[in-house]
Amino acid sequence: MKGFSVALFVLITITAALALVMQTTVFQFLPLIPDMLLILCVYLGLHQHSVGGSAGAFLLGYFNDSFSGNLVGLHAFAMSLVFILVYLVSKRLWMDNVVSNVAVVFVASVLKAATISALLAFYLSLDFPWSEFLSTVWFEAIAAALMAPLVFAMLDGGKRLWGID
C-alpha cells in the first residue's frame, strides 16, 4: 500500500468538489440526498491507510461543515470517526468486492447520522426527535449505498487513468 500521492490528492479534491456541488445543488431536488462526501470518506478508509487518508477524511467533514450551516466540527468529527472505523474493519476483513463496499457505506451512513444526531442532542440540550431520525436515516443510508459503486468505480478509473498506485 503506497502513501498518499499528489496525484491522488488532486483526484480526491476534484471528486470532492464535484460531489459537494452535486450534493448542494443537483440532489436538492430529489426526495433523498445521498451523502457523496461520506462515500469518499469510506473510499479513503478502505484504500488509503495513511495520514493523508485520515487528513482527507477530516477535510471532507470540515468542508461539509462549511457548507451545511450546522455547528462547526460536527461533520469533521463524524467523518473522522467513520474513517477510523472503516480503516480498522478493512484491516481485518477482505473488503475488495462490491457487496462489502455497499454494506460498509450503508453502516457508515447510519453511524454518521447517529453521531451527528447524538452530538446535536448533547450540545443543544434538546429533546431530540428520535422517531423522525429513525424513520429517515435508513432511506438516506440506502441512497448513499446505491451511489457507492458508481463513485468507487469512477475513483478507481481515475486512478488507473492517471497511473496512481
Side-chain angles (χ1 to χ4, degrees), residues 1-28 32-91 95-96 100-120 122-124 137 140-141 143-165:
M1 170 109 8
K2 294 183 180 178
F4 202 80
S5 67
V6 174
L8 182 61
F9 174 76
V10 170
L11 177 64
I12 296 293
T13 302
I14 291 170
T15 307
L18 289 173
L20 191 59
V21 167
M22 289 177 63
Q23 192 169 320
T24 57
T25 58
V26 176
F27 291 155
Q28 292 297 319
L32 296 174
I33 302 170
D35 193 348
M36 303 295 285
L37 295 179
L38 175 78
I39 297 170
L40 290 174
C41 178
V42 170
Y43 183 85
L44 289 174
L46 290 173
H47 299 289
Q48 293 302 315
H49 301 164
S50 65
V51 174
S54 62
F58 175 80
L59 287 174
L60 288 172
Y62 184 75
F63 291 136
N64 203 355
D65 280 331
S66 298
F67 289 95
S68 69
N70 284 335
L71 297 172
V72 176
L74 284 176
H75 292 279
F77 175 76
M79 291 284 214
S80 297
L81 179 65
V82 164
F83 175 85
I84 290 169
L85 293 177
V86 169
Y87 164 75
L88 291 173
V89 166
S90 71
K91 294 290 274 185
M95 303 296 291
D96 283 340
S100 62
N101 290 341
V102 168
V104 168
V105 169
F106 178 82
V107 171
S109 181
V110 172
L111 174 69
K112 180 186 174 202
T115 302
I116 290 174
S117 300
L119 288 174
L120 279 175
F122 177 74
Y123 285 134
L124 300 178
V137 70
E140 300 285 336
L146 291 175
M147 288 295 292
L150 176 65
V151 174
F152 283 14
M154 289 173 51
L155 285 168
D156 288 338
K159 284 173 68 173
R160 279 191 302 277
L161 182 67
W162 287 6
I164 302 170
D165 268 341

Would you say the side-chain atoms of Asp35 pair up with the backbone N or O of Ala144, donor to acceptor, closer than 3.5 Å?
no
Side chain proximity check, Asp156 to Tyr43, heavy atoms < 4.5 angstrom:
yes
Please test Val151 against Val105 for side chain to side chain contact (heavy atoms under 4.5 Å, CB included), starting from the C-alpha separation and ending with a verdict.
CA-CA 11 Å; Val151 174; Val105 169; over 6 Å; no
In the structure I gave you, are the side-chain heavy atoms of Val21 and Val26 within less than 4.5 Å of one another anywhere?
no
With a 4.5 Å cut-off on side-chain heavy atoms, are Asn64 and Leu74 touching?
no
Would a 4.5 Å heavy-atom cut-off, applied to side chains only, mark Phe63 and Leu59 as touching?
yes
For a quick test of reading the model, state the closest non-hydrogen atom pair linking Phe83 to Ser50 and the distance between them.
CZ-O, 4.3 Å
Would you indicate whether Tyr62, at its atom OH, is surrounded by more than 12 heavy atoms from other residues, nucleotides or ligands within a distance under 6.0 Å?
no
Measuring from Asn101:CG to Ile39:CD1, what's the distance to the nearest 0.5 Å?
11.0 Å
CG (Leu32) and CZ (Phe27) are apart, to the nearest 0.5 Å, by 11.5 Å
Can you tell me if Ser54 uses its side chain to pair, donor with acceptor, with the backbone of Val51 under 3.5 Å?
yes
Please report the interatomic distance NE2(His47) to CD1(Ile12), rounded to the nearest 0.5 Å.
9.5 Å
Side chain of Thr115, backbone of Leu111: donor and acceptor closer than 3.5 Å?
yes
Straight-line distance of Met147 CE to Gln23 CD, nearest 0.5 Å:
10.0 Å
At their closest point, which heavy atom of Gly61 faces which heavy atom of His75, and how far apart are they?
O-CB, 3.3 Å
Can you tell me how far apart NZ (Lys91) and CG (Leu46) are? Round to the nearest 0.5 Å.
12.5 Å
Where is the tightest heavy-atom contact between Ala76 and Asp65, given as atom of each residue plus distance?
N-OD2, 3.1 Å
If we only count heavy atoms from C-beta on, is the Val107 to Val89 side-chain gap below 4.5 Å?
no
Closest approach of Met79 and Lys112, non-hydrogen atoms and distance?
CE-NZ, 4.1 Å
Of all heavy-atom pairs between Ile164 and Ser5, which one has the smallest distance, and what is that distance?
CG2-OG, 4.0 Å
Between CG on residue Leu11 and CH2 on residue Trp162, distance to nearest 0.5 Å
5.0 Å
Please name the pair of heavy atoms, one in Val110 and one in Ala141, separated by the smallest distance, quoted to 0.1 Å.
CG2-CB, 3.7 Å
For the pair Glu140 (side chain) and Pro34 (backbone), establish whether a donor and an acceptor sit closer than 3.5 Å, ignoring hydrogens and angles.
no
Do Met95 and Val104 touch side chain to side chain, with heavy atoms closer than 4.5 Å?
yes
Kindly indicate whether the side chain of Leu40, heavy atoms from C-beta on, has any atom under 4.5 Å from the side chain of Leu37.
yes
